[in-house]
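The structure appears right after this line, and notes come after that.
Only a predicted model underlies this, so the values are computations on that prediction, with no experimental measurement involved.
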Amino acid sequence: MNASKPAIPALLCALLLSLTSLYGVQEVDRRGGLVGLNEEFQGMVRKASPSIVQIFVTGYAPVEDGAFVGSGLPRVRSGGSGVIVDPMGYIVTNYHVVENAVKIQVRTSTPARPQEEGDQSILRPLSAAQGAQLVGFDRETDLAVLKIEGQDLPYLALGDSDQLRQGQLVMAFGSPLGLEGTVTLGVVSAVARQLEPEDPMVYVQTDAPINPGSSGGPLLNIDGQVVGINTFILSQSGGNEGIGFAAPSNIVGNVYRQIKQFGRVRRGIIGVHAQTITPLLAEGLGLDRDWGVILGDVLPSSPASVAGLQIGDIVLSLNGKRMENGRQFDVNLYRYSVGDSVTLEVLRDGQKLSRTVQVLERPEDTDRFSQLVDPERHLVPALGVLAVDITPEVAQLLPSPRKLGGILVAARALDAPPYNGGLLPGDILYGLNQTDITSLRQLRQALDQVKTGQPLVLQVLRQGRFRYLALVKED
């Protein structure tokens, strides 16, 4: 569902003429200026609004100091926004909006009854909230996919975020602070913002006002296409300060399609370590360029090795896109799905070579364990994790065991304290103090025997190596 595209020159002219009129330089035809611009925006909002949803979540609440209270955890309601991207009722939102939810409900923007001739009120009756199913999520990109019942539902198409340019007009839709059906206007402040040096995610930065509750709502271009999913803000006050970030639609599309097909994201690798060429590195290696990407490693028997790539190859492009630094290479590879093929153009000994490489699933992707848990049944409050028994089905996801028994740590609990030497997803817990652990029920019984302030010494298998973790049981 795409809004009609206004003529860009006409919009710019309208804005310029309106400004000159404001300062008394020139009289303009308002009907063809601001009024025409208003009508374009209003039409876009009318077409987009039925596809925007408000999300209500019931989940567990943390208590003070990050401690957990027995098995009787209080529940709280929270919420966010989302957008229907498929007429069969598939919704994209942020993972943090629905993380460890016990119950998810969605309210669409469609009124409870059709507007009739003669209706005067601008306050429309709200539609009833309906249950939603969590299809899957991806922690690394902070994205999740929900499903509601229905067919031929209004939806918005995903646009091409690679076509975004700094300064382009965009609109942010959502329910900031619970205010359903809110729309704000701004520009693209930056097209590819990376917040941490080793973070594989890049974001679209915008000054379109975004506030708590807007998370999961769409960022739309003037074609009415989703070019991002509003994810977070940087703020000193806790409110909007014009620094908002959205997950780019090309990454969103890849995550959405994989979750819809597989229930999770299968992260791809090709078996190389790409590094940025610096002037110092170029001088030491005798390279004829002091910028770009060089392969510092090609893993033996990896797809890259099989395709003929070698250590020291300079990567010129990935699927036709010029590569300028190592992080850009990783970010662009991040978008491709397992089973895809990518073509690298490389420079070796002054000769350009083209190599096609298959993308394989990244091993030890612990997000796949998160799909196994139900917060109602698998929460272990004293350890701040969700854990499952190692059934034959779970065992298929794990490497060959070094020891029988144990339970699998599948995820950290909602708002668990920051990692401080405790358990991580993918850990297998075999012992608590001097008790062998063979089931989740046995772990809970053993924890009940430990008093507040006493040690919790856990025997854990992590990445194929045993270790002891020493914690203290809190209230």
If you round to the nearest 0.5 Å, how far is [atom2] of [Y] from [atom1] of [X]?
X	Y	atom1	atom2	value
Q163	N250	CD	CG	8.5 Å
Q258	Q261	CD	CD	8.0 Å
L386	R377	CG	CZ	11.0 Å
E345	K321	CD	NZ	15.5 Å
S51	D86	OG	CG	11.0 Å
Y95	D142	OH	CG	9.0 Å

Inset, instruction - Could you list all the side chain to side chain donor-acceptor pair (under 3.5 Å) pairs where at least one residue sits in residues 287-305, not counting sequence neighbours? - result: none
Any side-chain heavy atom of [X] sitting closer than 4.5 Å to one from [Y]?
X	Y	result
V342	T356	no
L360	V338	no
L424	R462	yes
S189	Q166	no
F137	E99	no
I91	I148	yes
L143	V252	yes
L287	I314	yes

Ignoring hydrogens and angles, tell me if any N or O in the side chain of [X] forms a donor-acceptor pair with the backbone of [Y] under 3.5 Å.
X	Y	value
D207	V187	yes
N221	G224	yes
S161	G159	no
T276	G326	yes
N94	H96	no
T182	L179	yes

Legend entry - Closest non-hydrogen atom pair, N319 against S341: ND2-O, 4.2 Å
Legend entry - Residue pair S81 / G174: nearest heavy atoms and the distance that separates them: OG-CA, 3.4 Å
Inset, instruction - Run the salt-bridge test on D313 and R355 with the 4.0 Å N-O cut-off and return the result as yes or no. - result: no
Legend entry - Stepwise side-chain hydrogen bond (donor to acceptor under 3.5 Å, both in side chains) test for Q42 and N38: CA-CA 6 Å; Q42 291 169 19; N38 280 340; 5.2 Å; no
Legend entry - Residues that A172 engages under side chain to side chain contact (heavy atoms under 4.5 Å, CB included), provided they are two or more places apart: T184, A208, I210, L219, N230
Legend entry - By side chain to side chain contact (heavy atoms under 4.5 Å, CB included) - contacts of V315 (at least two apart): V293, L295, M323, F329, L344, V346
Only pairs under 3.5 Å count here: list side-chain donor-acceptor contacts from residues 129-136, not counting sequence neighbours, and write none if there are none.
none

Inset, instruction - Mark yes when over 12 heavy atoms from residues, nucleotides or ligands other than E324 sit less than 6.0 Å from its CD; otherwise mark no. - result: yes
Inset, instruction - Give the intermediate values and the outcome of side chain to side chain contact (heavy atoms under 4.5 Å, CB included) for residues L156 and Q225. - result: CA-CA 6 Å; L156 294 177; Q225 297 173 328; over 6 Å; no
Inset, instruction - Verify side-chain hydrogen bond (donor to acceptor under 3.5 Å, both in side chains) between D138 and T141, making sure each step is shown before the conclusion. - result: CA-CA 6 Å; D138 181 48; T141 56; 2.6 Å; yes
Legend entry - Pairing residues for K352 by the salt bridge (Lys or Arg N to Asp or Glu O under 4.0 Å) criterion, not counting sequence neighbours: none
Inset, instruction - Please collect all ring-ring contact (aromatic ring centres under 6.0 Å, His included) contacts where either partner lies in residues 244-275, sequence neighbours excluded, each pair once. - result: F232-F245
